[in-house]
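Inspection log for the structure reproduced underneath, given as structure tokens.
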2 protein chains.
Amino acid sequence: MPENASTMPARRPASRRMLDSIYRAAADLIVEKGFEATTLAEVGSAVGLAKSGVYHHIKSKQDLLYDIMRHGMARLEQDVIEPARAVADPADRLRLLAERYAEFILGAEDGSGLGPRVTTLVHESRGLSPARKREIERARWRYYRFVRGAMQELADQGRFAEVNPTVAAMSFFGAMVWLAQWYRPGGELSRRQVIDSMVEMTAGLLIRRKPRPAKGKSRNG
Amino acid sequence: MPENASTMPARRPASRRMLDSIYRAAADLIVEKGFEATTLAEVGSAVGLAKSGVYHHIKSKQDLLYDIMRHGMARLEQDVIEPARAVADPADRLRLLAERYAEFILGAEDGSGLGPRVTTLVHESRGLSPARKREIERARWRYYRFVRGAMQELADQGRFAEVNPTVAAMSFFGAMVWLAQWYRPGGELSRRQVIDSMVEMTAGLLIRRKPRPAKGKSRNG
DNA sequence: GCCAAAACCGACCCGCGGGTCGGTTTTCAG
DNA sequence: CTGAAAACCGACCCGCGGGTCGGTTTTGGC
């Protein structure tokens, strides 16, 4: 039942530009003070709107949180998981995963993107309706299994360190997420240094040389 | 201005037993739903008290959070840091640290103690007054420096893996804290298995053999 | 058994924050 | 220029939750 086209000229779903600003500001505030402690009035004043003005763009506070999370998850999927999926060799895949994920978490150099914020946010899944919470959690779970899968592959090929792949995968995750907690731009370690260190740790400590460095694909002696 | 002793006989600071129950219940709830989202009425009903009954034992909601955190930090200090301080060899110290910390986080087998809860809690330092927040943060910082110190010692002795000690220390932290997030008793991995894996990872991946297995302390020659 | 202190409760106060509403300003296609 | 939709605001509603208070029950020392 869409209205007559003549009376509804190319309706935009509420100015995209402002919506993005709201997402950003809200993500920042929520990360800093927590979801419950964040006021919609605060979000508004952060983007130069009154509380009621904010409601012109969002449906409810709950929905705001949910949308931010989905947005973050989508970005994660597209910037990290998707590229890694294309890599056949599990070692290379893991390396790429580590680099992309660290980059995602630390955000772009110009501070754009909502990387670090969203990362912490994703663990605020409380405050969501059970159904939505389950949805977010399932996406997270998929990601975890993907990482663990790469490690398992390595282990099956005898190219993985002597550690339980599940524990290793979760530790990888923990170390990454923790990044957003402690890294502050302008510290003694540069963004690039941190990212490289994370990749080195992941690759250097967990991955072993191939048992058979046979370069070609022919395996028969 | 303490009142006359005859009118104030040995006042106990409000029954210790009940206070502990309140701490436990509150910690559970706060971890599950967040500080702001947790009601004092809920805390009360979790321990069989009315809201006003809870206020007989605590001074305010803020103080409750603060006290729980201090309690947790004290336990951490006494169960993890203190024992490790006594170990001279940095490799052994790191191993002990890993084991004790993992045990602390996963809690006692009987589910007593407020280990896992408090761990997550400590990162809820928002919701605290700035001064208190700073205090908690400083304690956390001390702990981090202690861990990093052990790694630095190893590095100085050429016994550390080829990774930046700061990044390694933070990753250690992250992996540990993350434990509380994903480990669920009754899963495919037992508590003991997880703890052992964490210790193996820490020790096996980060620590290298001594360059000189010379047993004595003589270094010349 | 007495009595004071401790433990506890129900009812209440009140400010804050999510959400709504009626109206005003801004924007922009025709 | 015009008119209609979009963007925005101030004022308001209302339930919820932190905190208080006056009073009742329970506890334990003597």
Side-chain angles (χ1 to χ4, degrees), chain A residues 1-23 25-26 29-30 32-68 124 126-129 132, chain B residues 2-26 29-30 32-68 124 126-129 132:
Chain A
M1 56 280 295
E3 299 84 321
N4 187 322
S6 61
T7 64
M8 302 244 65
R11 165 185 305 223
R12 291 173 295 177
S15 82
R16 198 72 218 169
R17 193 70 65 189
M18 189 42 122
L19 227 198
D20 280 344
S21 306
I22 291 177
Y23 281 175
L29 285 166
I30 293 174
E32 185 188 325
K33 327 177 35 178
F35 177 66
E36 314 283 344
T38 297
T39 307
L40 284 216
E42 287 173 329
V43 174
S45 82
V47 297
L49 285 187
K51 180 170 56 161
S52 48
V54 175
Y55 270 95
H56 200 80
H57 298 271
I58 70 171
K59 208 180 138 285
S60 73
K61 199 188 176 188
Q62 282 257 358
D63 285 13
L64 176 58
L65 178 63
Y66 178 63
D67 287 344
I68 293 175
E124 285 264 344
R126 48 193 191 188
L128 245 47
S129 75
R132 292 178 163 182
Chain B
E3 299 82 323
N4 188 320
S6 62
T7 64
M8 303 244 63
R11 164 184 305 222
R12 291 174 295 178
S15 81
R16 199 70 218 169
R17 194 69 65 187
M18 191 39 126
L19 227 199
D20 281 344
S21 306
I22 291 177
Y23 281 174
R24 291 262 187 83
L29 285 167
I30 293 175
E32 186 188 325
K33 326 177 35 180
F35 177 65
E36 314 283 344
T38 298
T39 307
L40 282 232
E42 286 172 330
V43 174
S45 83
V47 297
L49 285 187
K51 179 171 56 161
S52 49
V54 175
Y55 270 95
H56 199 81
H57 298 272
I58 70 172
K59 208 180 138 287
S60 73
K61 199 189 178 190
Q62 282 257 356
D63 285 13
L64 175 59
L65 178 61
Y66 178 62
D67 287 343
I68 293 176
E124 284 265 343
R126 47 194 192 190
L128 244 46
S129 74
R132 291 179 164 181

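Order of the sequence lines fixes the chain letters, A, B, ..., with proteins taken first and strands second; residue numbering starts at 1 for each chain.
Taking the side chain of Tyr55(B) as heavy atoms from C-beta on, and the options dC8(C), dG19(C), dG18(D), the nearest nucleotide is dG18(D).
One interatomic measurement links the two molecules: CD1 of Ile58(B) to P of dC8(C), which rounds to 13 Å at whole-angstrom precision. Going from atom CE of Met18(B) over to atom P of dT26(D) covers 14 Å, rounded to whole Å. Remark: C1' of dC8(C) and CZ of Arg17(B) are 19 Å apart, rounded to the nearest angstrom. Rounded to a whole Å, the CD atom of Gln62(A) is 8 Å from the P atom of dG19(C). Computed from coordinates, the Leu64(A) CG to dG18(C) C1' distance equals 12 Å when rounded to whole Å. The CD-P distance, from Glu36(B) to dG15(C), rounds to 19 Å in whole Å. As rounded to whole Å, 13 Å separates atom C1' of dG18(D) from atom CG of Asp63(B). The interatomic distance linking Lys61(B) (NZ) with dT20(D) (P) rounds to 14 Å, in whole Å.
Sorted by residue number, the list of members of residues 38-46 of chain B with any non-hydrogen atom under 4.0 Å from DNA chain C is empty.
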Pairs under 3.5 Å (N/O, protein and nucleotides 22-25 of chain D):
none

Distances for protein N/O vs nucleotides 10-12 of chain C N/O pairs under 3.5 angstrom?
residue: dG10(C); atom: N7; partner: Ser52(B); partner atom: OG; Å: 3.3
residue: dG10(C); atom: O6; partner: Ser52(B); partner atom: OG; Å: 2.7

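Bending across the helix from dG1(C)-dC30(D) to dG30(C)-dC1(D), expressed as the angle between its end axes from five pairs apiece, amounts to 20° (10° rounding).
The side-chain contact (heavy atoms from CB on, under 4.5 Å) test applied to Ser21(A) returns Met18(A), Val47(A), not counting sequence neighbours. The salt bridge (charged side-chain N to carboxylate O under 4.0 Å, His left out) test applied to Asp63(B) returns Lys59(B), Arg132(B), not counting sequence neighbours. Residues satisfying the side-chain contact (heavy atoms from CB on, under 4.5 Å) criterion with Val54(B), sequence neighbours excluded, are Ile22(B), Leu40(B), Leu49(B), Ile58(B). With sequence neighbours excluded, the residues forming a side-chain hydrogen bond (donor to acceptor under 3.5 Å, both in side chains) with Glu42(B) are Lys33(B), listed by chain and number.
Scanning both residues, Thr38(B) and Leu29(B), for their nearest heavy atoms gives OG1-O, 3.4 Å. For the residue pair Leu64(A) and Ala26(A), the shortest heavy atom distance occurs at CD2-CB, 3.8 Å. The heavy-atom pair separating Asp67(A) from Tyr23(A) by the smallest distance is CB-OH, 3.2 Å.
Applying the side-chain hydrogen bond (donor to acceptor under 3.5 Å, both in side chains) test to pairs two or more places apart or on separate chains, none has a residue in residues 43-55 of chain B.
Regarding contacts with the backbone of dC8(C), every side-chain N or O of His56(B) stays at 4.0 angstrom or more from both OP1 and OP2.
Cation-pi geometry between Lys61(B) and Tyr66(B) is not satisfied (NZ or CZ under 6.0 Å from the ring centre, within 45° of the ring normal).
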